[in-house]
Structure formats: structure tokens, C-alpha cells
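Predicted, not measured: the structure shown is a model, and the values here were computed from it. To find a chain, count down the sequence lines: A is the first, B the second, and so on, and within it residues start at 1.
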Amino acid sequence: MAKKPIKSASQRANVKKTLSVAVDPQVGFVRTEPAPLLPPPPSEGGFTGWLYKNIFASMSDFGSFGGATKSIFMGFVTLILSYFLVTQTLALLDFAIFSAVWSDPKGLEREACWTVEQGGALPAGWHAACWPFIQAKAKFIFYGAYPSDELWRVNLAYLVGSVMLAWVMIERLPYRKIVGALLLTAYPVFATVLLTGGAFGISTSTIGVYTILSLALITMGRLGKAGYVSGALGDLASVAGVCGWVVILFAAVLAVFSVDFSLEAIDTRDWGGLLITLVVAITGIVASLPLGILLALGRRSDMPVARFLSTVFIEFWRGVPLITVLFMASVMLPLFMPEGVNFDMLLRALIGVTLFSAAYMAEVVRGGLQAIDKGQYEGADAVGLSYWQSMRLIILPQALTHVIPGIVNTFIGLFKDTALVSIVGIFDLLGAAQSTLADAAWSTPVQGLTGYLVVAVIFFIFCFGMSRYSMFMERKLSRSRNR
Amino acid sequence: MRLEKLINDTKFRGLFFQVLLGLSLVLAGHWLFSNTIDNLTNQGKTLGFDFLSRTSGFQIIPTLGTWVLDYEVGRSTYLDVYFIGIINTAIVAFLGILAATVIGFVVGIMRLSENLILRTFATIYIEVVRNVPLLLQLFFWYFAVLRLLPGKREKIELFGGMAGLNITGLYLPAPVVGQYFYITIMAVLLAILLGFYLKKYASIRQADTGQILPVFWMVLGILIVVPSIAFYLTGSPLDWSFPEFKDTGPKLRRGYQDGFGMAVVPEMLAVLFALALYTAAFIAEIVRAGILAVNRGQTEAAFALGIRPNITLRLVIIPQAMRVIIPPLTSQYLNLTKNSSLAVAIAYPELVSVFAGTALNQVGKEIEMIFMMMMVYLTFSLLTAAFMNWFNSRVKLVER
Amino acid sequence: MAQPQHSPAPAVDQNTVVSMRNVNKWFGQFHVLRDINLTVAKGERIVVCGPSGSGKSTLIRCLNRLEKHQDGDISVHGIELNNDVKNIDEIRREVGMVFQHFNLFPHLSILENCMLAPIWVRKTPRAEAEEIAMHFLTRVKIPEQARKYPGQLSGGQQQRVAIARALCMQPQLMLFDEPTSALDPEMIKEVLDTMVELADDGMTMICVTHEMGFARKVANRVIFMDEGQIVEQNEPEAFFNNPQSDRTKLFLSQILGH
């Protein structure tokens with residue numbers, strides 16, 4: 001409430017002067033003193049306000065019968081859920097931390113986690129996590145049966161990959177695009193050689209043939225561009241040129257694969273645990289990205305053949321469950337290959353996962369292409385860029401930033417789906433955890449729960465982290481778009 | 001002249017590229033095909049679907065499929081096995097979709113509540129369930145939760161003894177229909193018809209006089225009363241076969257007895273729980289996004305006109321939210337159907353488990369069997385896609 | 001205590017459409033409406049102006065309970081505005097509102113937009129509701145668009161439909177919340193002309209707007225708000241030609257400068 005204004009004589013004189021100019025004292029009004037700034041009532045401000053808004057507001061509508069029933073119901077539900085949340089959180093903490101066994105100093109193995117009824121030292125009715133079990137199995141869960149003295153190779157691959165990834169993700173660092181390109185091309189080769197040992201025994205003559213072939217194709221492309229060949233043959237020449245570059249890259253990769261770095265060869269059957277999960281998921285995403293982009297372009301293309309083929313491919317792989325794809329890959333792939341070509345189990349799964357993921361990736365990229373304003377396509381055409389040039393320089397860079405959240409979400413889905421490879425006999429994180437349960441030396445009633453809890457937490461950390469990153473990217477991109 | 005040449009050039013180029021594409025695909029296809037034929041001949045196998053009339057050689061746990069097709073080892077054929085797989089997939093997909101939709105909508109609305117406890121509970125549920133693989137959750141329900149149930153010779157009673165639960169399954173009363181039950185069914189159909197007519201009558205009446213009838217309660221009343229009358233008048237032709245539990249006598253024969261009541265095997269329970277709760281988390285996010293997509297101004301405009309909240313919800317908010325919700329919702333339904341294939345990990349006899357798993361091991365005809373299996377899933381997918389296209393074209397907002 | 005600091009107003013009688021006494025509102029800790037006193041008589045046209053964030057939209061939104069006030073009394077057409085749902089419903093029936101972003105229902109046709117409230121609130125039979133709707137659509141001069149959908153109309157047409165939709169409830173008071181701020185310049189005139197016609201027909205209206213030409217033409221009173229309080233109010237001629245407060249002068253120089 002405003003107080004009676006205390007005015008000096010001159011102030012009073014001024015007011016009088018201005019008021020006398022006003023037409024109608026009833027209508028005209030001028031505020032000479034600000035209305036007081038008051039603190040809000042308890043229902044609005046501060047902690048009580050927060051409490052009211054977040055808890056009691058939904059329970060306080062007693063103005064009508066409907067409102068009253070709703071309020072009582074809400075109050076009830078709130079109580080029950082609070083009780084549930086509190087007790088379950090405490091129970092989980094108790095299981096995982098407070099009552100858990102943390103160490104096994106006497107090397108008792110499973111007896112360290114046995115109650116007195118079973119012959120151990122823990123009180124009857126004890127039921128909590130047995131961490132020494134995880135400690136003993138940790139290497140298996142993370143690396144599988146990979147030889148212990150060669151673990152440095154896996155760790156090196158992880159380290160290099162993480163550093164490059166972080167480099168690409170942090171805004172302020174320079175050369176992010178180059179590092180990103182290397183991450184998608186050179187790093188997989190590097191990691192493959194490091195993890196498998198390389199030295200695949202590809203003959204120099206094979207590499208030589210591919211190199212010569214690629215050089216020939218590139219020369220054809222150059223001739224076509226320089227104008228020595230015209231018309232339809234000129235187009236053929238430029239296609240040949242592009243193929244040439246692809247082949248030479250392929251030859252380079254083969255060359256790297258054939259060099260003997262004197263690393264011990266490690267069969268992929270010995271890989272397991274988190275290593276397999278990461279290999280399958282990352283390979284799936286990286287390999288499916290180029291294929292997905294091609295499919296998306298094909299689906300949007302004006303050429304009916306390309307559009308038809310792309311659509312059929314995409315809808316086929318999206319319409320079947322991943323488990324059937326894995327079955328198909330593990331059972332049917334050997335049938336499709338000429339005799340004698342033996343496919344490593346992991347490679348079969350990787351091929352299946354890549355094809356499957358490419359279909360989803362294609363839809364994500366297609367969404368990104370659709371989101372680009374038509375004016376961009378028209379602008380590129382008007383400047384005179386060819387289809388591939390406009391795609392490469394203008395459309396795809398914009399589309400890809402639009403779809404990064406979509407790609408991350410697909411990756412999260414793929415990461416979870418890699419658990420399915422355990423059904424076709426490849427030891428991923430889940431499979432490794434399951435096989436540790438068969439170890440009789442650690443057989444306790446809580447063995448299963450502890451193991452699965454650890455696996456669940458690892459998956460959760462990865463997936464939740466990635467989804468937060470995806471949301472962060474989405475927000476950033478929409479902010480920059482809305483400018 | 002130059003213009004013609006330019007057009008011809010681009011057309012030619014497109015055509016040329018397509019021919020190239022087609023040719024390379026044909027070549028690749030031929031290479032794969034000839035490899036396959038070679039490999040098959042070397043292994044002494046042939047292509048053909050006559051294995052379907054061979055009798056199967058393995059037992060399948062009792063499920064809806066085995067009950068419908070009256071499965072018996074040595075008498076039923078592999079074709080029967082195929083259909084059993086399809087039926088079991090369909091039933092778990094149907095029930096899973098129902099449960100997931102209900103739970104998903106409830107949790108999605110909870111997530112939007114002003115009440116912090118409800119919001120937190122919904123958020124925790126959604127984030128935990130979405131970030132852990134479905135397979136792991138399936139194992140959790142099957143190995144962790146269901147194993148905690150009492151053993152074969154004990155039970156947890158539900159509904160005062162009419163149903164029971166133990167490690168061998170959930171036992172429910174089985175309906176035994178009498179001779180005249182079909183009359184009650186017809187009465188239900190009649191009640192539905194009456195309900196439609198009532199709704200139509202009510203809207204005509206509202207158009208004419210402005211009066212609003214409580215249609216919802218009236219239709220509910222009809223749906224309950226009319227079949228009940230028919231049921232009573234035909235002598236209550238519905239009996240129930242209650243599960244029988246024996247806890248005396250020879251130890252091996254104790255527990256729930258065969259032939260009484262309806263048994264739901266724990267494998268199916270685990271698959272249902274896992275699928276429903278997993279998909280519900282995604283549906284909850286879809287519902288939340290759909291409701292948030294409706295501009296707050298719509299609610300304000302409706303309130304400013306004096307329209308009450310429940311009518312606003314029905315006529316303004318929900319129609320707009322549904323347009324945004326239904327396409328991704330049908331995607332999730334499809335995902336649930338495809339995810340049912342994970343049941344192979346716990347040996348619930350759905351299509352993948354029983355046909356591409358056990359049957360394939362016995363028969364060995366990989367190409368034919370995997371092809372048959374894929375056809376089922378592709379049919380589901382195409383039907384869903386067709387429905388979505390139809391729905392989208394029907395509810396598209398009319399714009400310039 | 002009635003002090004010169006509260007805007008002086010005639011006593012409340014049957015002719016009063018809006019009465020706000022010592023109204024305060026907070027958004028959390030922020031005191032958004034400070035000590036508002038306002039009385040609006042039947043047939044009066046009020047224009048509320050002020051810098052953004054001054055609380056002018058909040059003020060009129062409190063009148064139909066789109067915002068809740070925490071202190072003070074508000075009554076509309078003699079009905080007290082409190083937590084009683086019946087009162088709120090009654091008030092909302094008598095008060096029409098036009099929004100800055102139109103808020104037409106996109107999934108209903110223009111005609112259905114206008115018929116929705118009469119059918120479901122006043123329980124009007126459909127034929128009569130359609131008549132009323134066509135009457136008001138004709139009044140805002142777009143009867144030929146009745147079967148179209150909001151997405152097919154221009155901004156100016158949509159806003160005129162929004163006005164017609166509010167009028168179909170035959171309210172005693174019309175509130176306008178920056179009705180032309182979201183329109184392209186060439187469409188502002190058609191909406192303002194509609195509002196002028198409405199005023200000429202005797203509708204009581206409170207209008208939050210920056211369109212000072214409209215204020216000069218139509219308003220009985222112009223109210224200037226700043227930082228949640230009514231700083232100055234006067235008849236348009238006096239207000240524009242002889243602003244008293246420094247803040248009013250500053251604001252007018254910014255608004256009328258271009």
C-alpha cells in the first residue's frame with residue numbers, strides 16, 4: 001500500500017501546475033511515487049513457493065467434486081511413490097555399497113561371499129554384492145580372452161581413439177575436420193592392425209595389380225576432365241576416375257594390412273567383453289555412414305532405378321529384427337561366398353550389423369536432407385555445380401550437422417543391440433558376464449545379481465552419457481539455426 | 001539446338017548410370033547365386049519346401065500356439081511349427097502392445113505433471129529402462145525376478161485362490177463356455193452397435209437442441225447391462241476351470257495339476273514384462289513430445305472462450321497431439337513386434353526361437369527357413385508402414 | 001486508503017465492467033504487478049501501453065484468470081474473480097480475448113472454430129451456432145472463408161477470424177493482447193479497422209498495443225505501465241501532447257520516433 005506522499009512545497013507546486021494542464025482530474029493520473037516492491041506471499045516465493053508449486057499444487061484443488069477426488073488421489077499416489085523411491089534407492093545402495101563385500105584378503109574366493117548357513121563367515125540372511133568376484137573377472141569382462149601381456153594394444157587403441165574423438169568434439173581445438181576424417185579412415189585401419197596383429201599375408205602382386213589398376217582409372221578420369229574424351233565416354237571416364245581413387249585407397253589399406261609389424265596375431269575368437277561391444281558398435285556406425293548416405297541420396301534421386309533399389313534395400317533391412325540378420329549372417333554368408341573363403345565369426349556379425357545399421361542411417365540422413373531448405377539445392381544448381389559437387393560442398397555438410405543427434409541416437413540403439421551377438425556365440429559384454437557365472441570357484445547366490453548389475457551400470461553409463469551429448473548437440477544446433 | 005543437346009545429355013547420363021547400376025547388380029547377384037548353388041551341391045543339399053510336411057522332432061512348451069494347433073511331437077509337421085511360432089509372436093506382440101500403450105501413456109503424462117515426485121519417478125524409470133539393453137532386461141525378469149518365485153510345490157495365491165503363481169508359471173482360471181455362450185457374444189456385439197447408435201443420436205440431439213447427453217456413461221451402462229441380461233437369461237453358460245493345486249501325495253505329482261485352469265509359462269511372462277516396460281519408456285517420451293507439441297496458446301484460447309478443461313482436452317488438445325504421436329507410436333509397435341524375437345534367448349517358442357532355432361538345427365534348410373521367417377516380419381513392417389501412410393494422409397492439417 | 005497514488009475512479013456501479021483494487025501479482029520472487037487500481041465502465045475503450053516486461057499483458061490476462069493474482073480484488077461484470085470455478089467459468093463467458101499469435105484451432109475449419117464455444121459452453125443448437133458464426137464472420141468481412149482452414153489464411157485474415165470467434169460468445173468485454181504485433185505491416189490496417197468498427201458499435205474493450213494511431217482514434221483512456229505499475233493515464237490528446245511523467249515522455253519518444 002502506498003503511503004501518503006510527503007512533498008516539499010516546490011514539489012506540491014509542480015504537481016499542481018501539471019495537474020492544472022490535465023483535462024479531467026477524474027481521468028488524468030500521474031504516479032509520482034513508485035508503488036512499493038513487496039515480497040511475494042508464501043505460496044509464490046522462496047522455498048515454500050517451490051514446495052507448493054512442485055508438490056502441493058496438484059493436491060490442493062478442492063473447488064469441485066472432480067477436483068477434490070483428483071487431489072486426494074494425487075496425494076495418495078505421491079505418498080506411495082515417495083515411499084517406493086526411498087526404499088528402493090536405499091535397498092540398492094545397501095546391496096551395492098553398504099552391505100557389500102569389498103575384498104577377499106584370504107583368497108577364499110566364493111567362500112568370501114557365503115553366509116554362515118553355507119559355510120562362510122557372513123551373517124545369515126546376508127544378500128548383497130560380491131565385489132571380489134568382479135575384481136577377479138574384471139579383465140575378462142573388459143577384454144575377453146585377450147592375452148594379458150598384449151592388453152597394452154587394446155588400451156593403446158582405446159587411448160588413441162578417445163583422444164581423437166575428444167579432439168573432434170571440443171569446439172576450440174584447431175584442425176577438427178582433419179582429425180575427424182582421419183578418425184573415420186586411418187584410425188579403423190590402425191586399430192584393426194593393432195588389435196589383430198596385421199600381417200594378413202596379402203601378396204605383393206595383388207597389391208601391385210590393384211595399384212596399377214587404380215592408376216589407370218585415375219588417368220582415364222584425368223583425361224576425361226581435361227577434355228580429351230567427350231560425350232558419354234567423358235562421363236564414363238570421370239566415373240572411372242572416382243573408382244580409381246577408391247581402388248587406390250583400398251590398395252593402400254591392403255598394403256598396410258600386409259606389413260609385418262611383428263605383433264602377435266590374435267584370433268578374434270579371443271576378443272570379448274566390452275572390447276567386442278565397442279568394436280561391433282563403432283564399426284557398425286562408421287561403416288554404415290557412407291553406405292547410409294548413398295542410400296539416402298538414392299532414395300531421393302530422380303532416377304527410378306536408383307530410387308527403387310534404395311527403397312527396397314532400406315525397407316528390407318528395417319523390417320526385420322536384428323537377431324534374424326545375425327542368424328542370416330552367421331548361417332547364410334558362408335553359402336554366398338565362393339568355396340574356401342572362410343569368414344571369421346566376428347566379421348560375419350560385423351557385416352550383418354553394418355547392413356542393418358545402414359538402413360537406419362539412411363533414414364536419418366534422408367531426414368536431414370529433407371530438412372534443408374529447397375533454396376540451397378536451387379542455389380547450388382544456379383551456380384553451376386554438378387550433382388556430386390553440390391552434394392559434397394553444400395548439401396551434405398549442412399545435412400550432416402542436422403542429423404548428428406539422429407546419428408548419435410542410432411549409435412545408442414546399436415550399442416544396446418550389440419548385446420544380441422551373444423546369442424550367435426560372440427562374447428560381447430553381456431556374453432562375457434554370463435560366462436563368468438559358470439565359474440564354480442565363484443559360485444554364490446549373489447553372483448548373478450552382482451554380475452548383471454555391473455553390466456547394466458556399464459551400459460547405462462555409456463548410453464546415458466551419449467544421450468545427454470546428443471541432447472546437448474541438438475540444443476546447440478537449434479540455437480545456431482534459429483539465429 | 002544446343003538446348004536439345006543439353007537435355008539429351010542429362011537424360012542420357014541418368015539412363016546410362018541406371019543401366020550401369022542395374023548391370024552391376026545383376027552381375028553381383030549372379031556371382032552370389034552361383035556361389036550358393038555350388039556350396040549347396042557340395043554339401044549335398046537341395047532347395048525345396050517339402051521339408052514342411054515332415055513331422056517335427058522336438059517338444060514345445062505349452063503356449064497359445066501349441067494349444068491352437070494342438071501340437072504333438074511326431075504328429076505335427078514343421079509347417080505347424082512355423083504357424084505356432086507366428087501365433088506365439090502375435091500373441092506376445094498384441095498383449096505387449098496393449099500393456100506398453102497403457103503404461104506408456106500413464107508414464108508420459110506423469111512426466112508432465114507439476115508434482116515433483118511423479119515427475120522424478122517417471123524420469124528415473126524412463127532413463128533407466130531406455131539405457132539398458134532389452135536383452136539384459138529380459139534376463140533380469142527371467143533369471144532374477146521370476147527365479148525368486150516359490151518352487152513347484154509351493155504357491156502364491158492370488159484373488160483368493162482363484163489364481164496362483166509359482167516358478168512353473170502363472171495359473172489363471174480358464175473359461176469353459178457352455179452351449180449358449182454365443183448368445184452372450186452376440187449380445188456384446190449388439191451392445192456395441194447400440195452404443196454407436198446412441199452416440200449418433202446424442203450428437204444429432206446436440207446439434208438440434210444444444211443439450212449434451214452423458215454419452216460415455218450411457219454407453220458404458222449399455223455395454224454392461226445388455227450382455228449381462230443375455231448371459232443371465234441363457235442360464236449363465238460360462239464355467240470356470242480353476243487351477244488345481246495338490247500338496248499331498250507323491251512328491252513328484254504335487255503342485256499345479258495339468259488340465260485344470262490356464263497356465264502361462266514363466267518364459268512368456270518374462271518376455272511380456274520386458275517388452276512392455278521397455279517399449280512403454282519410449283512411448284512415454286513420444287506421448288510427452290506430442291502433448292508438448294501442442295502450443296500452450298491453444299489451451300489459453302479455449303479457456304478464454306469459456307470451454308472447460310475436459311472438453312478442451314478432448315476437442316482441442318488430443319486431436320492435435322495425436323497427429324504428432326501416432327506415427328512414432330506405430331514405429332514403436334513395430335519395434336516391439338521385432339523385439340519379441342529376443343525371446344530366443346530364454347527359449348520362449350516364438351518364431352525365431354522355434355523355427356530359426358530348433359527347427360533349423362533339425363532340418364538344416366537355412367535359406368528356405370530364414371526366408372520364410374523374414375517374410376513374416378516384412379509383412380508386419382509393410383502393413384505398419386501402409387497404415388502410417390494412410391493415417392498421415394488422412395489427418396494432415398490443411399495448409400496453403 | 002485512497003491516495004493520489006491510486007488511479008482515481010468513479011464508484012463501482014452497474015455500469016462498471018471491470019474493477020481492480022490494490023491488485024498485486026508475483027511470478028516467483030518477481031513482483032510483476034504492483035498495486036494496480038483500475039475501473040472500466042461500460043462502453044469504455046482503454047489502451048494500455050508500455051515497454052516490454054511492464055506487465056501489461058499480465059494485467060489483462062488476470063482478468064480472465066489466464067494468470068492468477070495473489071493479492072487484491074478483481075471483479076468483472078459484478079462477478080468476483082477468485083478460486084471458485086463457477087465464477088471463473090461465468091467470467092470467461094462474458095470476456096472475449098484476442099491473442100497476439102491468433103491461436104486458432106488448426107484442425108478445425110474457420111466456421112467450426114467459431115461454433116465450438118457456443119455449442120459446448122452456451123449449449124447452442126448447431127444451426128443457431130452456425131448462424132451466429134456466419135453473422136460475425138460477415139461482420140469481420142470474411143464470410144467466404146468459412147469452410148477453409150486456418151493454415152490457408154493470411155495473418156490478417158486469421159486475426160479477424162480470432163476476433164469473430166471471440167465475438168460469437170457475445171461477450172461484455174473484449175481484451176486484445178497485442179493483436180497486430182505478429183502481423184506483416186500491410187495486414188495491420190485490416191485488423192485495426194475491424195477493431196475500430198467494434199468500438200464504434202459500443203463494445204467495452206481493453207487493448208494492449210503499440211499502435212498509437214489506433215489509440216488516438218478510438219481510446220477514451222490511454223494507460224501507461226512501467227515496471228508493473230500504472231504510471232500515467234489520461235485521455236489520448238492529453239496523454240500524447242502533454243505527458244507528465246518522465247518515463248512516459250521517454251517511452252513516447254521511442255515509440256513515436258519512427
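- Between B:F143 and B:F139, the angle of the ring planes lies from 30° to 60°, which puts this pair in the tilted group.
- If you measure heavy-atom distances from A:I461 to chain B, you find no contacts under 4.5 Å at all.
- Counting heavy atoms of neighbouring residues, nucleotides and ligands inside a 6.0 Å radius, atom NZ of A:K70 does not exceed 12 of them.
- Using a 4.5 Å cut-off between heavy atoms, A:W317 does not touch chain B at all.
- Remark: of the listed residues B:Y348, B:Y142, B:W141, B:W141 is the sole one forming a ring-ring contact (aromatic ring centres under 6.0 Å, His included) with B:F273.
- For B:M373, the part lying under 4.5 angstrom from a heavy atom of chain A is the side chain only.
- Most heavy-atom pairs under 4.5 Å with chain B: of the set A:L449, A:I55, A:L420, A:L322, this distinction falls to A:L420.
- Between B:P327 and B:N392, the closest heavy-atom pair is CG-OD1, 3.4 Å.
- Heavy atoms of B:L136 lying under 4.5 Å from chain A belong to its backbone as well as its side chain.
- Using a 4.5 Å cut-off between heavy atoms, B:L32 contacts chain A through both its backbone and its side chain.
- When each of B:I370, B:N115, B:L116 is checked for heavy-atom pairs under 4.5 Å with chain A, B:N115 comes out on top.
- Contact of B:T36 with chain A is made through backbone and side chain together, with heavy-atom distances under 4.5 Å.
- Note on ring orientation: taking the six-membered ring where Trp is involved, the planes of A:F415 and A:F411 are tilted (angle from 30° to 60°).
- Neither the backbone nor the side chain of B:L351 comes within contact range of chain A; no heavy atom of the residue lies under 4.5 Å from a heavy atom of that chain.
- Within the 4.5 angstrom heavy-atom criterion, atoms from both the backbone and the side chain of A:P304 approach chain B.
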**Q.** Audit row: B:N88, B:V354, side chain to side chain contact (heavy atoms under 4.5 Å, CB included) steps and yes/no
**A.** CA-CA 10 Å; B:N88 284 339; B:V354 86; over 6 Å; no
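- Interface remark: A:I423 contributes side-chain atoms only to the contact with chain B (heavy atom separation under 4.5 Å).
- The main-chain N or O of B:V129 is found under 3.5 Å from a side-chain atom of B:Q137 such that the two form a donor-acceptor pair.
- Remark: A:F308 CZ is loosely packed, at most 12 non-hydrogen atoms of other residues, nucleotides or ligands lying under 6.0 Å away.
- Relative orientation of the B:F355 and B:Y82 rings is tilted, given thresholds of 30° and 60° on the angle between their planes.
- The contact between A:R468 and chain B is made entirely by side chain atoms (from C-beta outward), counting heavy-atom distances below 4.5 Å.
- In this structure, the portions of A:V455 lying under 4.5 Å from any heavy atom of chain B include both its backbone and its side chain.
- Interface remark: A:F56 contributes no atoms to any contact with chain B (heavy atom separation under 4.5 Å).
- When all heavy atoms of B:Y278 and A:K416 are compared, the pair lying nearest together is OH-NZ, 2.9 Å.
- For A:M332, the part lying under 4.5 angstrom from a heavy atom of chain B is the side chain only.
- For a residue to count as touching a neighbouring chain, one of its non-hydrogen atoms must lie under 4.5 Å from one of that chain's; by this rule A:L430 touches chain B with the side chain only.
- Taking both residues in full, the closest heavy atoms of A:S470 and A:N409 are given as OG-OD1, 3.5 Å, listed atom of the first, atom of the second, then distance.
- Neither the backbone nor the side chain of B:T337 comes within less than 4.5 Å of any heavy atom in chain A.
- Residue contact with chain A, scored on non-hydrogen atoms closer than 4.5 Å, is absent for B:I37.
- Proximity to chain B is limited to the side chain of A:S422, based on heavy atoms less than 4.5 angstrom apart.
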